[in-house]
Amino acid sequence: NKIAIIMSWPREIDMYSKFLDLRDNPTFDFIVNDIKSTEKGRNQSNKLIEDVQNTPDKRHLDIDKVGIKAIKHPIIVKDKTGLIQHTNATFSMYVHLPHNFKGTHMSRFVEILNENQREISVASFEDILKEMLQRLESKSGYLEMQFTYFVNKKEPVSGFESLMDYEVSFIGEMINGKIINTTKVIVPVTSLCPCSKKISKYGAHNQRAHITLTLETNEFMWIEDIIEQIEKQASCELYGILKRPDEKYVTEKAYENPKFVEDIVRDVAVKFNEDERILGYTVESENFESIHNHSAYAMLSCDKDKKNV
């Protein structure tokens, strides 16, 4: 007795044979139906399994984004020191769906990730976006890759080194035939309240804050350089390890450099307005208030072609 494996595309045999060495196994017969080549093959394939996604839709409504969200896949990232970081990324992959199609082919998104390398690199990010548009037969699409990035930081006084983690996203969109790449970085910092310092006889309330920068550039920028510029605009930066001399230093530095969320976004904006590599950005600051059960928040956007928005 033989087991028949019936596939619609010749490339699927090549894909599966990477994992199952079945070509020379007499137990299996491969029956290939190239539905693009002949009407006979198309009719035979339809009799086997109907492709519901390709059936017409009569509601005449385009869908802006359809695809898969929050699928995890290993990636490799090269840092500024030249070392390679192996980490996991969360991908979201969407395409535009014309009004005349009922649905998209969800499995193809996953195939694209797995048919690349076992670990996807940052360098292959744009190629994946182009492949996604081609395979899903769409003119516009969205690809996001979110991952944890580590920077080895030296403590300000003791000189001890420790890792700090940052959340980074690469976002690629195909809009009107043009690919637009943006980078998003979330940087944890310390903020100290200017009002609290002014009115209090002792001390001032301070807290961790997140500064989130989303930017479009006209040339490559190291993630470390973006993080460094953002940290300089906070009351004080964070460290993985703090010995007593380091703790004294960061406490006093934050006290001498109080900032509201409004101050932080404006200071970041001033810095990046001076950088000609940056075409546009959105900067957000969220303070996780230590004396409230809510956060303080500010946001500022700039498109350098249109000035402040």
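Note that the structure is a prediction, hence the values are computed from the model and not measured. Numbering of residues begins at 1 and proceeds along the displayed sequence. These numbers come from the heavy atoms of this one structure, side chains and all, not from hydrogens, waters or symmetry mates.
- Here the NE2-SG distance, from H205 to C195, works out to 7.5 Å after rounding to the nearest 0.5 Å.
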Yes or no on side chain to side chain contact (heavy atoms under 4.5 Å, CB included) for I63 and F101, after CA distance, side-chain angles and deciding distance? CA-CA 10 Å; I63 296 179; F101 287 106; over 6 Å; no

Please report the C-alpha distance between R135 and E111 in whole Å, then the side-chain angles of each, then the deciding distance to 0.1 Å, and finally whether the salt bridge (charged side-chain N to carboxylate O under 4.0 Å, His left out) criterion is met. CA-CA 10 Å; R135 292 276 291 276; E111 286 179 2; 2.8 Å; yes

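- Defined by atom type and a distance below 3.5 Å, a donor-acceptor pair is missing between the side-chain atoms of Y281 and E216.
- Side-chain polar atoms of S162 and E155 form a donor-acceptor pair below 3.5 angstrom.
- Judged by distance alone, the side chains of E144 and Y142 do bring a donor and an acceptor atom under 3.5 Å apart.
- Minimum heavy-atom separation, E173 to L129: N-CD2, 4.0 Å.
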For K304 and E276, run salt bridge (charged side-chain N to carboxylate O under 4.0 Å, His left out): C-alpha distance rounded to whole Å, both residues' side-chain angles, the deciding distance at 0.1 Å, then the answer. CA-CA 10 Å; K304 290 187 179 180; E276 295 182 353; over 6 Å; no

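- Note that CZ of R59 is 5.5 Å distant from NZ of K102, once rounded to the nearest 0.5 Å.
- With a 4.5 Å cut-off on side-chain heavy atoms, L136 and F109 count as touching.
- The closest side-chain donor-acceptor pair between S295 and E289, if any, does not fall under 3.5 angstrom.
- Aromatic rings of F147 and F170 (six-membered ring for Trp) have centroids within the 6.0 Å cut-off, being under it.
- Looking only at distances, a side-chain donor or acceptor of T217 sits under 3.5 Å from a matching main-chain atom of E219.
- At distances below 3.5 Å, at least one donor-acceptor pair connects side-chain atoms of K259 with backbone N or O atoms of Q233.
- Within the 4.5 Å cutoff, the side chain of V187 has heavy atoms near those of the E231 side chain.
- With a 6.0 Å radius and a threshold of 12 heavy atoms from other residues, nucleotides or ligands, D62 has its CG atom above the threshold.
- Side chains of S235 and N257: no donor on one and acceptor on the other come within 3.5 Å.
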Test side chain to side chain contact (heavy atoms under 4.5 Å, CB included) applied to I71 and V110, step by step: CA-CA 8 Å; I71 182 172; V110 184; 3.9 Å; yes

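- Judged by distance alone, the side chains of E167 and T148 do bring a donor and an acceptor atom under 3.5 Å apart.
- Taking the ring centre of F160 as origin, the terminal cationic atom of K243 falls inside the region bounded by 6.0 Å and 45° from the ring axis.
- Without hydrogens or angle criteria, S200 side chain to S196 main chain gives a donor-acceptor distance under 3.5 Å.
- E126 and N181 share a side-chain donor-acceptor pair at under 3.5 Å.
- Using a 4.0 Å cut-off between charged side-chain N and carboxylate O, R266 and E262 make no salt bridge.
- With hydrogens and angles disregarded, a donor-acceptor distance shorter than 3.5 Å links the side chain of S290 to the backbone of N206.
- At a cut-off of 3.5 Å, with distance as the only test, a side-chain donor of E224 or Y149 sits close to an acceptor on the other residue.
- Among M174, M93, R108, the single residue meeting the side-chain contact (heavy atoms from CB on, under 4.5 Å) criterion with M132 is M93.
- Not one N or O on the side chain of T182 forms a donor-acceptor pair closer than 3.5 Å with the backbone of L215.
- The closest side-chain heavy-atom distance from I76 to S121 is below 4.5 Å.
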Would I75 and N88 count as a side chain to side chain contact (heavy atoms under 4.5 Å, CB included) here? Give the steps. CA-CA 6 Å; I75 66 168; N88 289 329; over 6 Å; no

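- K184 contributes atom NZ, which lies 6.5 Å from atom CD1 of I171 (distance to the nearest 0.5 angstrom).
- With hydrogens and angles disregarded, a donor-acceptor distance shorter than 3.5 Å links the side chain of D303 to the backbone of D305.
- Between L213 and T282 the shortest side-chain heavy-atom distance does not fall below 4.5 Å.
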Should T183 and V185 be marked as a side chain to side chain contact (heavy atoms under 4.5 Å, CB included) after you check the CA-CA gap, both sets of side-chain angles, and the distance that decides it? CA-CA 7 Å; T183 302; V185 184; 4.0 Å; yes

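- For the residue pair D246/S158, the side-chain donor-acceptor check at 3.5 Å is satisfied.
- When S191, S285, P188 are each tested for a side-chain contact (heavy atoms from CB on, under 4.5 Å) with H210, only one passes: P188.
- The hydrophobic clustering, which links ILVMFWY residues whose side-chain heavy atoms are closer than 4.5 Å, places F125 and Y94 apart.
- In the displayed structure, F220 atom CZ is contacted under 6.0 Å by more than 12 heavy atoms of other residues, nucleotides or ligands.
- Other residues, nucleotides and ligands contribute more than 12 heavy atoms inside 6.0 Å of the NZ atom of K253.
- Here the closest non-hydrogen pair linking C193 and P258 is C-CB, 4.2 Å.
- Judged by distance alone, with hydrogens and angles left aside, the side-chain atoms of Q85 form no donor-acceptor pair with the main-chain N or O of D79 at under 3.5 Å.
- Because its NZ or CZ atom is both nearer than 6.0 Å to the ring centre of Y255 and within 45° of the ring axis, K197 counts as a cation-pi partner of that residue.
- Within the model, atoms CD1 of I264 and CG of N287 stand 5.0 Å from one another, a figure rounded to the nearest 0.5 Å.
- Within the model, atoms CD1 of I120 and CE of M145 stand 7.5 Å from one another, a figure rounded to the nearest 0.5 Å.
- Side-chain atoms of Y239 and M164, non-hydrogen and from C-beta on, never get closer than 4.5 Å to each other.
- Classification of the H294-H292 ring pair by plane angle, with boundaries at 30° and 60°, yields parallel.
- Contact check for F91 versus I68: no side-chain heavy atoms found under the 4.5 Å cut-off.
- When the side chains of ILVMFWY residues are joined at heavy-atom separations under 4.5 Å, either directly or via intervening members, V77 and F150 end up in two distinct hydrophobic clusters.
- Between D225 and K80 a salt bridge is recorded (basic side-chain N to carboxylate O distance below 4.0 Å).
- A donor-acceptor pair is defined here as one N or O able to donate and one able to accept, closer than 3.5 Å; no such pair exists between the side chain of T104 and the backbone of M106.
- Closest non-hydrogen pair, A296 versus V261, comes out as O-CG1, 3.6 Å.
- K153 places a side-chain N or O within 3.5 Å of a backbone atom of L238 that can act as its donor or acceptor partner.
- The hydrophobic clustering, which links ILVMFWY residues whose side-chain heavy atoms are closer than 4.5 Å, places V283 and Y166 together.
- I186 is not connected to F272 by any chain of hydrophobic side-chain contacts under 4.5 Å among Ile, Leu, Val, Met, Phe, Trp and Tyr, and they are in different clusters.
- Between N273 and C302 the shortest side-chain heavy-atom distance falls below 4.5 Å.
- A heavy-atom distance below 4.5 Å is found between the side chains of D263 and P194.
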Before giving the answer on side-chain hydrogen bond (donor to acceptor under 3.5 Å, both in side chains), spell out for K72 and T90 the whole-Å C-alpha distance, their side-chain angles and the decisive distance to 0.1 Å. CA-CA 4 Å; K72 298 186 183 299; T90 300; 3.0 Å; yes

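- Atom CD1 of I230 and atom CD1 of I227 lie 7.5 Å apart (nearest 0.5 Å).
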